[in-house]
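All values below come from the heavy atoms of this structure, side chains included, with hydrogens, waters and symmetry mates left out. In this text, all values refer to a predicted model and were calculated from it rather than measured experimentally.
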Amino acid sequence: MSEKVILHYFNARGKMESIRWLLTVAEVEFDEVYLTTRDQYLKLLDDGSLMFQQVPMVEIDGMKLVQTKAILHYIAEKYSLYGKDIKERVMINMYSEGLMDLMEMIMIHAFVSGTKAKLDDILTKAKERYLPVYEKALSGPVYLVGGKLSLADVQLLECTLMLEEKFPAILADFPNTKAFQGRMSQIPSISRFLQPGSKRKPQPDEKIKKTVMEVRAK
């Protein structure tokens, strides 16, 4: 039996949250080691655990994986959430990377000042550049690619929930995407993850922002 997956990151969403989501959907149990001090981070560096001196880092199958996309692709491939062939995988990647671009804007927003203009920019881009793509793709199919649950679907659910935290009515003009969100939320593993007390992380507060800045200090 393989050892339990271990995630090394802050007790926060950030780039690890998509990995938590994907492991949850794959029904893979995982433990987490939270970075709370600069010394913990330096020890990971000294141990050679961080190839590019960055987290997230995931211990899985005897490896220490870094780089969010690489981690997500490995998990998706391992647990049959990555399409049936190269053409489906490239579509999944395109949808996924668009969502990662949008989610990164939201993540960064929490850590910058003068945020009203930036928030307006996120709203505009979400409604004009990103959401129309997924709305069109879901005009008939249940899932984004190949009629089967994939990495892209999991990230779309994560992203729409993040958007609704900032803009509660944002999906009003995107009924296919809203219906998709509802269907996805009924998947048992996801339904459990959405309940209080799960390993899903809340929006970052001032305490976690302070911790992140201290650990990453030059």
Write out all pairs satisfying ring pair (Phe, Tyr, Trp, His ring centres under 6.0 Å) with one or both partners inside residues 44-82, taking only residues at least two apart or from two chains.
His73-Tyr82
Look only at the side chain of Tyr134 and the backbone of Tyr95, and say whether a donor-acceptor pair between them is shorter than 3.5 Å.
yes
Leu35 and side-chain contact (heavy atoms from CB on, under 4.5 Å): which single residue from Val212, Thr211, Val55 fits?
Val55
Does the pair Arg13 and Glu165 meet the rule for a salt bridge (Lys or Arg N to Asp or Glu O under 4.0 Å), with working shown?
CA-CA 14 Å; Arg13 288 182 183 176; Glu165 288 174 338; 2.7 Å; yes
Find out if a path of hydrophobic residues (ILVMFWY) with successive side-chain heavy-atom gaps under 4.5 Å connects Val28 to Ile6.
no
Separation of Glu27 CD from Ile187 CD1 (nearest 0.5 Å)
10.0 Å
Rounded to the nearest 0.5 angstrom, the CD-CG distance for Glu104 and Leu99 is 13.0 Å
Counting N and O atoms only, with roles assigned by atom type, does the side chain of Glu32 sit under 3.5 Å from a partner on the main chain of Leu7, one being a donor and the other an acceptor?
no
In terms of hydrophobic clustering (I, L, V, M, F, W, Y; side-chain heavy atoms under 4.5 Å; direct or indirect links), are Val33 and Leu50 co-clustered?
no
dist Lys166:NZ -> His109:NE2 (nearest 0.5 Å) comes out at 5.5 Å
Can you tell which of Val5, Ile60, Ile75 makes a side-chain contact (heavy atoms from CB on, under 4.5 Å) with Ile19?
Ile75
Output the distance between atom CD1 (Ile71) and atom NZ (Lys15), rounded to the nearest 0.5 Å.
10.5 Å
How close do Gly83 and Ile92 get, heavy atom to heavy atom, and via which atoms?
N-CD1, 3.4 Å
Going through the distances and angles, do Ser191 and Gln186 end up as a side chain to side chain donor-acceptor pair (under 3.5 Å)?
CA-CA 6 Å; Ser191 179; Gln186 296 304 309; 5.9 Å; no
Under a 4.5 Å cut-off applied to non-hydrogen side-chain atoms, are Thr24 and Ile190 in contact?
no
For Arg20 and Arg200, run side chain to side chain contact (heavy atoms under 4.5 Å, CB included): C-alpha distance rounded to whole Å, both residues' side-chain angles, the deciding distance at 0.1 Å, then the answer.
CA-CA 7 Å; Arg20 295 186 187 103; Arg200 185 184 180 212; over 6 Å; no
May I ask you to say whether Asp205 pairs ionically with Lys209, meaning some side-chain N is under 4.0 Å from a carboxylate O?
no
Ser198 side chain to Leu194 main-chain N or O, any donor-acceptor pair under 3.5 Å?
no
Connected via hydrophobic side-chain network under 4.5 Å: Val142 and Phe180:
yes
Measure the spacing between CD1 of Ile122 and OH of Tyr130 and express it to the nearest 0.5 Å.
10.5 Å
Give a yes or no answer on whether the side chain of Gln54 reaches the backbone of Val66 with a donor-acceptor pair at less than 3.5 Å.
no
Stepwise side chain to side chain donor-acceptor pair (under 3.5 Å) check, Thr160 with Glu164
CA-CA 6 Å; Thr160 57; Glu164 286 184 326; 5.7 Å; no
Tell me, do Asp173 and Leu131 make a side-chain contact under 4.5 Å, heavy atoms counted?
no
Under 4.5 Å between side-chain heavy atoms, hopping through other hydrophobics if needed: is there a path connecting Leu23 to Met63?
yes
For Ser18 versus Met103, what's the shortest heavy-atom pair and its separation?
OG-CE, 3.7 Å
Got Met57 and Leu65 here, is their nearest side-chain heavy-atom distance under 4.5 Å?
no
In short, Ser189 meets Val25 closest at the heavy-atom pair OG-CA, 3.7 Å
One pair to check against salt bridge (Lys or Arg N to Asp or Glu O under 4.0 Å): Asp85 and Arg89. What are the steps and the verdict?
CA-CA 6 Å; Asp85 56 32; Arg89 284 194 291 277; over 6 Å; no
Could you give all pairs that pass the ring pair (Phe, Tyr, Trp, His ring centres under 6.0 Å) test and reach residues 147-170, with sequence neighbours left out?
none
Pair Lys4 + Glu59, salt bridge at N-O below 4.0 Å
no
Salt-bridge present (Glu88, Lys148; N to O < 4.0 Å)
no
For the pair Thr37 and Glu214, evaluate side chain to side chain contact (heavy atoms under 4.5 Å, CB included) and give the outcome as yes or no after the intermediate values.
CA-CA 7 Å; Thr37 68; Glu214 290 174 351; over 6 Å; no
Below 4.0 angstrom, N of the basic side chain to O of the carboxylate: do Asp61 and Lys78 qualify?
yes
Nearest heavy-atom contact between Pro56 and Met16 is CB-CE, 3.3 Å
Using a distance-only test with no angle check, is there a side-chain donor-acceptor pair under 3.5 angstrom linking Gln155 and Ser96?
yes
Could you tell me if the side chain of Pro132 sits less than 4.5 Å from the side chain of Phe174, heavy atoms only?
yes
So which heavy atom on Arg183 is nearest to which on Leu138, and how close?
NH2-CD2, 4.4 Å
Can Met94 be reached from Met100 by stepping across I, L, V, M, F, W or Y side chains whose heavy atoms are under 4.5 Å apart?
yes
State whether Lys199 and Glu29 are salt-bridged, where the test is any N-O pair (Lys NZ or Arg NE/NH1/NH2 against Asp/Glu carboxylate O) under 4.0 Å.
no
Inspect the contact between Glu206 and Lys210 and indicate whether a charged nitrogen and a carboxylate oxygen are less than 4.0 angstrom apart.
no
What distance separates Gln181 CD from Leu163 CG, expressed to the nearest 0.5 Å?
9.5 Å
Heavy-atom pair with the smallest gap, counting every atom of Leu22 and Ala76:
CD2-N, 3.8 Å
Residue pairs passing the ring pair (Phe, Tyr, Trp, His ring centres under 6.0 Å) test with at least one member in residues 11-35, sequence neighbours excluded, are Trp21-Phe193
Short N-O contact, Lys43 and Asp39, less than 4.0 angstrom
no
Closer than 3.5 angstrom, by distance alone: can the side chain of Asp153 be matched with the main-chain N or O of Leu144 as a donor-acceptor pair?
yes
Can Lys201 and Glu158 be counted as an ion pair, charged N to O under 4.0 angstrom?
no
Residue pair Ser49, Lys64: steps toward the side chain to side chain donor-acceptor pair (under 3.5 Å) verdict
CA-CA 7 Å; Ser49 298; Lys64 294 181 178 180; 3.1 Å; yes
